[in-house]
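What follows is a single structure, written as structure tokens, with notes after it.
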Amino acid sequence: MTDLLTTLLRRWQLPDGQGAAALQDFARRHGTPLYLYSAPLIERRIGELRAELPAGLALLYAVKANPLPAVVARIAPLVDGCDVTSAAEIALARAAGVAGETLSVAGPGKRDEDLAAAVAAEALVVVESLAEARRLAALANGRRPRVALRVNPPFSLAADAQMGGGPRKFGVDSEDAPAVLGELGRLPLAFEGFHVYAGSRCLDALAIAEAQRATLKLACELAPFAPAPVRVLNLGGGLGIPCFPGETALDLAVVGDALRALSKEAARRLPAARLTLELGRYLVGEAGLYLTRVVERKTSRGRTFLIVDGGAHHHWHATGALEGRRHLHFPITVVGAGRHATERVTLVGPLCAPHDTWAEDIELPVAGPGDLVAVFQSGAYGASASPQAFLGRPPAAELVIDRAAGLPEPLPNT
Ligand SMILES: *Cc1c(COP(=O)(O)O)cnc(C)c1O
């Protein structure tokens, strides 16, 4: 953990550096709890990624990771489109300046209104079943909606969140795909290719590369059954960011090398196909901080608790509520307390629920009421992925910041 925390403290110029004064100032002006997203960090991350990806590969932003309109608007000009799942996300992306035909609409259980919005936007609809393809065709009204078939592969990505392999609600099982492709050819749909999403939150570059190779192989096997040449091969994504003790950053160079090799092979075996990656947390996760203030310090039977004003209702994943991870914790610091002595404390939120725990028994600089606590790696699956109305507490404010807003230039990763 120390290495990750050290990197993050440096990146944000904390605990006593220039970043501390800027964060104190934001918290004073906007109140806490508060999410801050650094536009320069998002831009730099996308730049680093682009530098490693083969030319021609399409990069999509998965809006669900952080759907704040100001965030989507910052990302829109830097990517080739967005991955969205609903009529509301389609509207959000379009309002942020994303062209309708660059949207990829995926997700199980799309309602007719989601499909209709996708057709109206001329988006690529990733159909997840034959029944869904039939519903889409039925509401096409003389148009030929563009479709890709999501295939549930026979493999999964050895990752935190597996989304392929075995029985799944996602996509069409690969063994059924040839028959479904035949049926798709009889519907008034414009077939464009395949979508395979094997898993997410993976920090192992070689595992990602292996899943991508297996995806190309699967697409090559299915291509002869397709009603038209494969023009889109969406490889999914799954690139993770380190959040918990012992996790280390993904080796992007290894991911890039493998993708460049894969892209050469794809050019040979599926010459019309454009490779696509769709990423959420990798683009925004590290660019976000959550700021919360200590309300109370108390001791209970020898244990010191710091109770802060933010909790699981704002940052469900970080408190461990969702993933049964109470023994783990996100990287956390006390802002502006670098020279204080440290102590072991349990950091908790204000909810009347035992799972509302940021970290049990961690070493933090000594802090008390009024002190500001920062939770790193908070740019993805934060506010929008949390039960914000729980216990009637107010939602967190969310702000996109740049250098112009007074935050010092974030420092490079290493
Ligand atoms: C959630 C999701 C993503 C984004 O996942 P991240 O882990 O945030 O990169 C991309 N594609 C699909 C189909 C998804 O369901």
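Note that the coordinates shown come from a computational prediction; the quantities given were computed from them, not determined experimentally. Remember, it's 1-based here, ligands and their atoms both numbered in the order they're listed.
Looking at heavy atoms from C-beta onward, Leu291 lies in side-chain contact with Leu23 at the 4.5 angstrom threshold.
Using cut-offs of 30° and 60° for the angle between ring planes, the Tyr381 and His317 rings count as tilted.
A salt bridge links Arg45 to Glu48: one of the charged nitrogens lies within less than 4.0 Å of a carboxylate oxygen. Ion pairing of Arg74 with Asp402 is present here, as a side-chain N (NZ or NE/NH1/NH2) and a carboxylate O approach within less than 4.0 Å.
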Are any protein N/O atoms closer than 3.5 Å to the N/O atoms of ligand 1? If there are, list each pair with names and the distance to one decimal place.
residue, atom, partner, partner atom, Å
ligand 1, 5 (O), Tyr197, OH, 2.9
ligand 1, 5 (O), Tyr381, OH, 3.4
ligand 1, 7 (O), Ser200, OG, 2.2
ligand 1, 7 (O), Arg281, NE, 2.8
ligand 1, 7 (O), Arg281, NH2, 3.2
ligand 1, 8 (O), Arg281, N, 2.8
ligand 1, 8 (O), Tyr381, OH, 2.5
ligand 1, 9 (O), Gly280, N, 2.9
ligand 1, 11 (N), Asp83, OD2, 3.3
ligand 1, 11 (N), Glu278, OE2, 2.7
ligand 1, 15 (O), Lys64, NZ, 2.9

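From Asp176, atom CG reaches atom CG of Leu130 across 10.0 Å, with rounding to the nearest 0.5 Å. Note that CD1 of Ile42 is 7.0 Å distant from OH of Tyr61, once rounded to the nearest 0.5 Å.
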